[in-house]
Amino acid sequence: MNANQTRSTNFLCGMAAFLLCAPLLAQPLTVKVGVVLPFSGPGGDTVEREEQAMRLYMKLHGKELGGIRIELIKRDSKEPSGATTRELVRELIFRDNVDILLAGQFSPDAIAAAPVVTQAKKLLILVNAQASFITHLSPYIVRVSAASWQIAYPMGRYAIEKLGCKKTVVGFIDYAPGRDVLAAFKSGYEKAGGTLADAIPMGGPTAVPDFTPYLRRIRDQSPDCMYVFTPGGPFTLALARTYHELRMAETGVKFLGTGDATQDSILAQYGAQALGWMSGGQYTADLDTPENKKFLAAWQAEYGRDSIPDYFTVHGYDAMAAAFHVIKTLNGKIDADKAVAALKGWKHNSPRGPIWIDPATRDVVQNIYVQKVVKKNGRYGIEVLDTILAVKDPCKELAIGQCAAAAGKTK
Amino acid sequence: MILFVLAVGLSITMGLMGVINLAHGAFAMAGGYLAVVLINRLAVPYVPALLLAVALVAVLSVPFERILYARIYGRGELDQVLMTIGLTLMSMAAATYLFGPGPVTLKLPEALDGTVPALGREFPSYRAFIVGVGAAVFAALWFSFERTVLGAKIRAAVDNRAMAEAAGINTARLFTLTFALGCGLAALGGALAVNVVGLTPRFAIQYLVVVLAVVAVGGLGTIGGTMAAALVIGVADVAARYFFPGASAFLIYAPLLLVMLLRPRGLLGKL
């Protein structure tokens, strides 16, 4: 509509009855969604797919909003310290006036943003940030991704109860998420009656180490199972390489990991090196459900056959699904308290299976899949061996450490 | 050994030429990515690809040296640090733009993918290959610096540039050549490292600290010292990771601290 037309419309409106013209003038209702993720940080490719997933969800489901428009405001939080995220979240809330925030790739990001959203009363949907206690830090935080305990604790039990592990060694990258995974796995493992033979910190998260001495140490103890946590990408790639070089598979040790070890997008790069690796995780692109098939087809139609979504991608997809649920329920008029209420108990058919938000903790409840790297139809993929149904974050269930302490503070 | 190959190039540019070259990792990364492109996209066999990557980086480093580095030889340390760290950051952004932020891999030939028996244990043959390359580089460098006219000229130019020029040595050309050599060695280290620790755009800065530690412990500009330091730090690091994995992040700096206290110029340093 050019300026002249606008002017004549206004003129007509002045002449005619106001009610008649109002719909012509009314702007479509716009909901501003702020996305703060480390697009240029380490693991930027994974983060990029999270945003692609959000846009795909908007494209596929945009009609459901009945004319409400979503404006996506994207900011790059660059590094994982949380400081940049905090600044950007503040800027998005007070300058750009966003209604909903999707953020928190790394746990420090979410921790730093928590007091800001509490004060400003804004809904923050966590896109990743897996430290269990984060949801306690603000009543406006809702997590659709996962908690590290949710992933590692059930695997600790599973290792003994189903895989029959007798001697298990854990290797982990030595930073907060790694220590979290270790504590969770250990707790589950001990719950099932075992004791860990060894827990090996494998260096910090800033540089990929040469894994040789760590894997040698594991090998020389000849355990029957090993559980490993490293961030996905360059770390797991180097791990697979060294694992293969040292012929670990031939020693008969069962390799278990978090979903990061079997991230779908990296399997082709592993090649045969990681065949037989098992992991416990919340999603694999090879999940054989109608919901996932639909998602995959739409994904590859949009981003090409070479682009493979992984669990991070689905976190992004579901974060947008949660935002949609809020917008639909509140008819586009976003109020943080009502939004959180709308998400409590929200059930959703995600590509990763049924998920829902536990009203007591605002944390996601989901299935954990026991996965195995296999070669099928000439490509490397995942076979789902087993499904652990509807896992709630055990850290809060059992009130362990910070989960209990933080819960006490907000009560 | 990979430490030695990565560090010796830096020892040459920093020690012999007196430039604080923090962009060393960037040249190493360039070598890594070039090797990946040559092998994965252009299907060049492994060893020729390695040599080609080294040669290309060495040649590419010449304009850098002529246009940028030549201006900072006489400047203060801060200027040198600022310029070279700037180059590093630019190279990381460029690598992200060209290759994406994710890790890339390089397929090894069959011969390097197995294991070889040595000293009663099975060793991955790729590691054996790296040890061999490191030894060859060491021998070649030692010979050319200590036993050839070119080596003598370089040593002369470093000791007293004005005197060397007066004696008819073209020191500018010599420095360009030395710089290219250092960068070529960086590229070799980078290309070899792809299959040990992987390659991402962050490579340029991730291993800079440990490489600098090796150069410092070895003593600037000594090839034997760098070799000894790479072995000491490498062995200490691996042993610490194996026996005390919890403390290994600190233990790697123990030899550094010790040597710096007792011999501030490095194990074999004389400069």
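Below, read A as the first sequence line, B as the second, and so on, with proteins coming before strands; counting in each chain starts at 1.
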Checklist entry - Taking the six-membered ring for Trp, are the ring centroids of A:Tyr380 and A:Tyr270 within less than 6.0 Å of each other? => result no

Next on the checklist: Is B:Thr96 close to chain A through its backbone or its side chain, or both, or neither, when contacts mean heavy atoms under 4.5 Å?
Outcome noted: neither

Item to check | Heavy-atom proximity to chain A below 4.5 Å, by part of B:Ile205 | outcome: neither

Checklist entry - Do A:Trp299 and A:Tyr317 have their ring centres less than 6.0 Å from each other? => result no

Item to check | Contacting moiety of B:Tyr207, where chain A heavy atoms sit under 4.5 Å | outcome: side chain

Checklist entry - Got a second to check how far A:Met202's CE is from A:Ile218's CD1, nearest 0.5 Å? => result 6.5 Å

Checklist entry - Taking A:Leu215, A:Ile266, A:Asp220, A:Leu239 one by one, which has the highest count of heavy-atom pairs under 4.5 Å against chain B? => result A:Asp220

Checklist entry - Which atoms of A:Arg216 come close to chain B, meaning under 4.5 Å heavy atom to heavy atom: side chain ones, backbone ones, both, or neither? => result both

Checklist outcome for this item: A:Arg219 and A:Arg247 have their tightest heavy-atom pair at NH1-O, 4.3 Å

Checklist outcome for this item: When the 4.5 angstrom heavy-atom criterion is applied to A:Ser265 and chain B, the contacting part is neither

Checklist entry - Angle class for the A:Phe255/A:Trp277 ring planes (parallel below 30°, perpendicular above 60°, tilted otherwise)? => result parallel

Checklist outcome for this item: The residue among A:Thr258, A:Thr236, A:Val181, A:Leu237 that forms side chain to side chain contact (heavy atoms under 4.5 Å, CB included) with A:Thr230 is A:Thr236

Item to check | For chain B, the option from A:Pro209, A:Pro213, A:Ala199, A:Ala238 that forms the most heavy-atom pairs under 4.5 Å | outcome: A:Pro213

Item to check | Heavy-atom proximity to chain A below 4.5 Å, by part of B:Arg202 | outcome: side chain

